[in-house]
Amino acid sequence: MEMDSRKYKGLREAMVKNQIEARGITDAKVLAAMRKVPRHLFVSEALMDQAYADHPLPIGEQQTISQPYIVALMTQALALNKDDRVLEIGTGSGYQAAILSEIAFRVYTIEKRRTLHINARRLFDEFKYTNIVTRYSDGTKGWEEESPFDAIIVTAGAPEIPKTLVAQLGMGGRMVIPVGDMFTQDLIKLYRDEQGIHQTSLGGCRFVKLVGEYGWGGD
Ligand code: SAH
């Protein structure tokens, strides 16, 4: 397989400049991670040339890798520090987890579809992302044994915020999650302090369905 060639580095640099910096993402750690992670290696070979384009792409199982800007926006909203432990629901291609792993101390990522879980695990091993821990299960239940987390990111659209996940968010913790109907959602940011849980909206978005017990149900 062709690895990280000059061509892809050029496309990646243009992506960061034209899609991410141009739209107001300023967190230096986020920008550095997006410049570094070879996004084209997280999609199928047939789609590699589109990997840095301004839209989501199919990753099989009717799922998608998010648009680069959305990945940057959600990552910036988590305000990550280098000793943070992050929980991700919806491993998918593994790209978002790789971005998080460049910034945080450890990433715990859960995927409910077996093929996607296996593919992502293989990529993390191959690319030596040694601080990413994967799990094949219903992420709406969170990861109780490893909680509380400094940050939680849900990369599939939920009908409401799963209370299980809020319960696993530590003091000072931040969470981002798309909440809405099956077609459009609001990207919600939550944080916990001594006063309780606070919620703000980062704007509209469109994600695939969060399935499972505290999602839309089913699988
Ligand atoms: N973060 C991913 C985006 C994946 S799309 C990336 O960077 O590529 C959303 C993913 O959420 C899909 O892979 C889907 O299978 C997964 N998903 C949906 N419901 C889930 C659940 N309850 N638990 C874990 N994963 C779930």
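These numbers come from a predicted model, not from an experiment. Index from 1, following the sequence. First listed ligand is number 1; within each ligand, the first listed atom is number 1.
Follow the hydrophobic side-chain contacts under 4.5 Å out from F127 and you reach L47 in the same cluster.
A donor-acceptor contact under 3.5 angstrom links the side chains of E88 and T109, judged on distance only. No donor-acceptor contact under 3.5 angstrom links the side chains of R23 and Y69, judged on distance only. A donor-acceptor contact closer than 3.5 angstrom is absent between the side chains of S93 and Q63. For Y8 and D49, the side-chain atoms include at least one donor-acceptor pair closer than 3.5 Å.
When non-hydrogen atoms are compared, ligand 1 lies under 4.0 Å from the backbone of S137 (N, CA, C, O) but not from its side chain.
The nearest non-hydrogen atom to atom 15 (O) of ligand 1, considering only R39, K112, E111, comes from E111. Ranked by closest heavy atom to atom 8 (O) of ligand 1, the top entry among P56, G92, S93 is S93.
Taking distance alone, with nitrogen or oxygen atoms compared against 3.5 Å, V211 approaches ligand 1 more closely than that limit. Distances between N or O atoms of S66 and those of ligand 1 include no value under 3.5 Å. For the pair L116 and ligand 1, the shortest N or O to N or O distance does not fall below 3.5 Å. Between G139 and ligand 1, at least one N/O pair is under 3.5 Å apart.
The residues R174 and D84 are annotated as salt-bridged, a charged nitrogen and a carboxylate oxygen being separated by less than 4.0 angstrom.
Remark: R206 is not positioned above the aromatic ring of F183, lacking an NZ or CZ atom under 6.0 angstrom from the ring centre and at most 45 degrees off the axis.
Taking a 4.0 Å cut-off on heavy atoms, V71 fails to register as neighbouring ligand 1. Ligand 1 lies out of reach of E213, whose nearest heavy atom is not under 4.0 Å from it.
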